[in-house]
Trainee: 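Mind having a look at this structure? Questions to follow.
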2 protein chains.
Amino acid sequence: MPAKTSRSDAPSRRRLTAEEARARILEAAERRLAEVGPEGLRLTELAAELGVSHPAILHHFGSREGLVVAVVARAVGKLGEQLQEEIARRPQRLEILDMIAEFFGERGNARLIAWLVLSGRLGKLPEEPTGEPFLLKLIEQSHERRKAAQADREPDFEDTRFRSQLTALALMGESIFGDLIRFASGDRTGAAKSKDFRRRLAKLLNDTM
Amino acid sequence: MPAKTSRSDAPSRRRLTAEEARARILEAAERRLAEVGPEGLRLTELAAELGVSHPAILHHFGSREGLVVAVVARAVGKLGEQLQEEIARRPQRLEILDMIAEFFGERGNARLIAWLVLSGRLGKLPEEPTGEPFLLKLIEQSHERRKAAQADREPDFEDTRFRSQLTALALMGESIFGDLIRFASGDRTGAAKSKDFRRRLAKLLNDTM
DNA sequence: AATTGTACTTACAATCGAGTAAGTAACAAG
DNA sequence: CTTGTTACTTACTCGATTGTAAGTACAATT
């Protein structure tokens with residue numbers, strides 16, 4: 001007899017709308033994914049954390065992989081939005097770096113992206129999940145600023161793009177490998193050193209602007 | 001009845017020394033690890049690739065995790081050695097970058113390191129697997145060169161260290177996220193662009209030396 | 001109030017992968 | 001040749017994990 005007719009201690013079960021349930025699951029899954037990666041995600045574990053049974057998750061996402069895909073789609077969307085939004089404020093260089101670093105580091109986004117790239121879920125052609133080149137606007141804005149700063153010799157756009165790519169790669173790298181590289185360099189580790197790295201990077205970029 | 005008494009078609013089985021066998025397994029495991037990561041490594045799969053049964057691997061390494069640890073230990077050792085060795089040649093800046101990039105990229109070492117960091121097998125205190133700060137010598141050498149290049153104003157060692165860290169982080173980041181970032185920047189992808197990135201990075205570092 | 005849709009449950013099947021038990025044969029040493 | 005060691009095999013156990021089947025209860029609609 002599968003599923004008892006009635007549970008004696010049932011305190012009138014709560015029932016979420018599909019949207020609410022999906023959102024709750026996505027959020028928890030995203031957190032977990034940044035920690036353990038797409039291979040490490042366990043449905044039973046996630047379900048326990050949410051206080052539901054694991055088939056509930058399967059009910060909403062069809063399969064484990066379906067859940068992962070959904071998380072990625074949402075994360076990529078959020079990344080674009082947040083970046084746009086914050087950049088609209090046109091902050092100073094170091095401020096931008098701190099912002100991006102915060103986005104990458106503290107919220108575990110660099111880890112998530114790294115997991116996805118390594119597991120082949122992101123960055124492979126046909127590039128579907130990545131969507132549009134959402135960094136391009138940021139680079140264009142940066143280029144405008146450079147042009148304004150030095151009216152005499154026109155800066156090369158390709159150079160601006162390179163500098164933006166360098167920034168992105170350095171910050172992503174820093175948020176993942178930062179302490180490892182510092183240790184290997186006989187340096188001290190930790191958040192203060194991370195901040196120091198950003199300050200020096202901002203200075204280097206400003207000096208050669 | 002476990003294990004038949006004799007195989008009719010047995011063509012006099014080859015038998016490797018423990019050392020040979022371990023080396024063979026380590027090499028294959030390292031390659032696989034860079035591809036699928038420590039969670040993705042399957043003993044049966046690896047064994048099939050090597051043409052042995054999977055308990056043979058367990059015989060030499062005790063457990064799956066034991067194999068992973070052995071691979072990491074060997075990889076870290078090799079990294080230090082190779083780096084030392086190549087640096088002893090005192091090549092030019094771009095040459096160094098290409099060399100490191102080749103080490104990171106083509107041989108999948110950045111991927112391997114990334115997997116290990118993400119899965120918490122590398123970079124955690126107490127830093128045992130990392131050993132000594134093997135980048136320090138490289139940085140010191142770089143600093144000597146800077147001092148020689150400009151006898152007038154003495155360069156700051158911390159600045160040299162920063163520049164080395166930036167280089168390492170940028171190159172590791174590039175070898176993993178390079179194409180993703182380029183795509184997001186509306187740039188073209190591929191090895192040529194990767195090379196171009198290195199050229200620009202070398203130029204930036206030389207110009208601000 | 002009856003009906004219908006669906007969010008969610010328990011129980012189960014099926015698979016897959018690490019690790020074990022026991023035996024076999026290759027090689028070295030006496 | 002005999003004997004001991006050990007590299008390696010086959011056959012298996014056990015646990016973990018994804019997915020399914022079937023049923024239950026909550027909530028909206030009529």
Side-chain angles (χ1 to χ4, degrees), chain A residues 1-29 32-33 35-71 119 121, chain B residues 1-29 32-33 35-71 119 121:
Chain A
M1 65 188 81
K4 284 177 210 130
T5 300
S6 147
R7 294 186 315 175
S8 48
D9 57 345
S12 77
R13 220 167 72 207
R14 281 288 306 266
R15 195 176 137 145
L16 305 172
T17 67
E19 213 174 343
E20 284 167 340
R22 285 178 62 97
R24 250 172 65 82
I25 296 170
L26 280 174
E27 190 140 345
R32 234 37 230 119
L33 271 181
E35 290 167 24
V36 299
E39 331 284 318
L41 187 72
R42 299 287 165 251
L43 289 187
T44 50
E45 200 177 293
L46 188 64
E49 188 183 319
L50 289 166
V52 297
S53 65
H54 86 269
I57 297 174
L58 289 168
H59 171 70
H60 288 291
F61 295 94
S63 71
R64 189 195 107 109
E65 193 57 28
L67 172 62
V68 173
V69 168
V71 170
S119 69
R121 267 167 260 250
Chain B
M1 60 189 83
K4 283 179 209 129
T5 300
S6 148
R7 292 187 312 176
S8 48
D9 57 345
S12 77
R13 221 167 69 208
R14 284 285 306 264
R15 193 176 140 150
L16 304 173
T17 67
E19 212 174 343
E20 284 168 340
R22 285 178 61 97
R24 252 173 63 81
I25 296 169
L26 280 174
E27 189 139 345
R32 271 315 288 132
L33 271 181
E35 289 167 25
V36 300
E39 332 283 319
L41 186 72
R42 300 283 167 254
L43 289 187
T44 50
E45 199 176 294
L46 187 63
E49 187 182 321
L50 288 165
V52 297
S53 64
H54 87 269
I57 297 173
L58 290 168
H59 172 70
H60 289 292
F61 295 95
S63 70
R64 190 193 104 112
E65 192 59 28
L67 172 61
V68 173
V69 168
V71 170
S119 70
R121 266 168 261 249

Trainee: For residues 58-69 of chain A, which residue pairs qualify under salt bridge (charged side-chain N to carboxylate O under 4.0 Å, His left out), counting only residues two or more places apart or in two chains?
Mentor: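 Passing the test, one end in residues 58-69 of chain A: A:E65-A:R121.
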
Trainee: Rounding to a whole Å, what distance do you find between A:E20:CD and D:dA27:C1'?
Mentor: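 It works out to 13 Å between those atoms.
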
Trainee: Given C:dT9, D:dA11, C:dA7, identify the nucleotide with an atom nearest to the side chain of A:A56.
Mentor: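 Taking heavy atoms from C-beta onward, the closest nucleotide is C:dT9.
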
Trainee: Check whether any side-chain heavy atom of A:L41 lies under 4.5 Å from a side-chain heavy atom of A:V71, and answer yes or no.
Mentor: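 In short, these two side chains do not touch, never coming nearer than 4.5 Å.
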
Trainee: Can you name the side chain to side chain contact (heavy atoms under 4.5 Å, CB included) partners of A:E19, sequence neighbours left out?
Mentor: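 Once residues adjacent in sequence are excluded, the partners of A:E19 under the side chain to side chain contact (heavy atoms under 4.5 Å, CB included) criterion are A:T17.
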
Trainee: A:E27: what forms a side-chain hydrogen bond (donor to acceptor under 3.5 Å, both in side chains) with it, not counting sequence neighbours?
Mentor: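 Here no residue qualifies.
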
Trainee: Could you give the CD1-to-P distance, from A:I57 to C:dT10, as a whole number of Å?
Mentor: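 For the pair A:I57 CD1 and C:dT10 P, the rounded distance is 14 Å.
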
Trainee: Please report, rounded to the nearest Å, how far the P atom of D:dT20 is from the CG atom of A:L43.
Mentor: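 One finds 12 Å between P of D:dT20 and CG of A:L43, rounded.
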
Trainee: Nearest to the B:S53 side chain among D:dT9, C:dA25, C:dA7, which nucleotide is it?
Mentor: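 Of the options given, the side chain of B:S53 lies nearest D:dT9.
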
Trainee: Donor-acceptor pairs under 3.5 Å, side chain of residues 50-62 of chain B to any protein atom, not counting sequence neighbours: which ones?
Mentor:
none

Trainee: Just the rounded figure in Å: distance from P of C:dA7 to CZ of A:R24.
Mentor: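 The answer, rounded to whole Å, is 15 Å.
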
Trainee: Identify whether any heavy atom of B:L41 sits under 4.0 Å from a base atom; if not, whether one sits that close to sugar-phosphate; answer base, sugar-phosphate or nothing.
Mentor: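 Sugar-phosphate, backbone atoms only, no base.
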
Trainee: Residues two or more places apart in sequence or in another chain: which of them pass side-chain hydrogen bond (donor to acceptor under 3.5 Å, both in side chains) with B:E35?
Mentor: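 B:E35 satisfies side-chain hydrogen bond (donor to acceptor under 3.5 Å, both in side chains) with B:R32 only.
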
Trainee: For A:R42 and D:dG15, give me the distance from atom CZ to atom P, rounded to whole Å.
Mentor: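 Rounded to the whole Å, the gap is 17 Å.
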
Trainee: At under 4.0 Å, does any side-chain N or O of B:R15 touch on OP1 or OP2 of C:dC27?
Mentor: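 Negative; the distance criterion is not met.
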
Trainee: Quick check on contacts: within residues 58-65 of chain A, what sits under 4.0 Å from DNA chain D by heavy-atom distance?
Mentor: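 When residues 58-65 of chain A is checked for heavy atoms under 4.0 Å from DNA chain D, the hits, listed by number, are A:L58, A:S63, A:R64.
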
Trainee: Could you check whether A:A21 gets within reach of a base, just the sugar-phosphate, or nothing at all, counting any heavy atom under 4.0 Å?
Mentor: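 Sugar-phosphate contact only.
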
Trainee: Could you tell me how far apart A:L46 (CG) and D:dT17 (C1') are, to the nearest whole angstrom?
Mentor: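 Whole-Å distance recorded here is 13 Å.
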
Trainee: Could you give the distance from CG (B:L33) to CG (B:L26), rounded to the nearest 0.5 Å?
Mentor: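 One gets 10.0 Å once the value is rounded to the nearest 0.5 Å.
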
Trainee: Can you measure B:H54 atom NE2 to D:dC12 atom C1' for me and round it to whole angstrom units?
Mentor: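 Result: 11 Å.
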
Trainee: Rounding to an integer number of Å, can you tell me how far A:L16 CG sits from D:dA25 P?
Mentor: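 So the CG-P distance, A:L16 to D:dA25, works out to 18 Å.
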
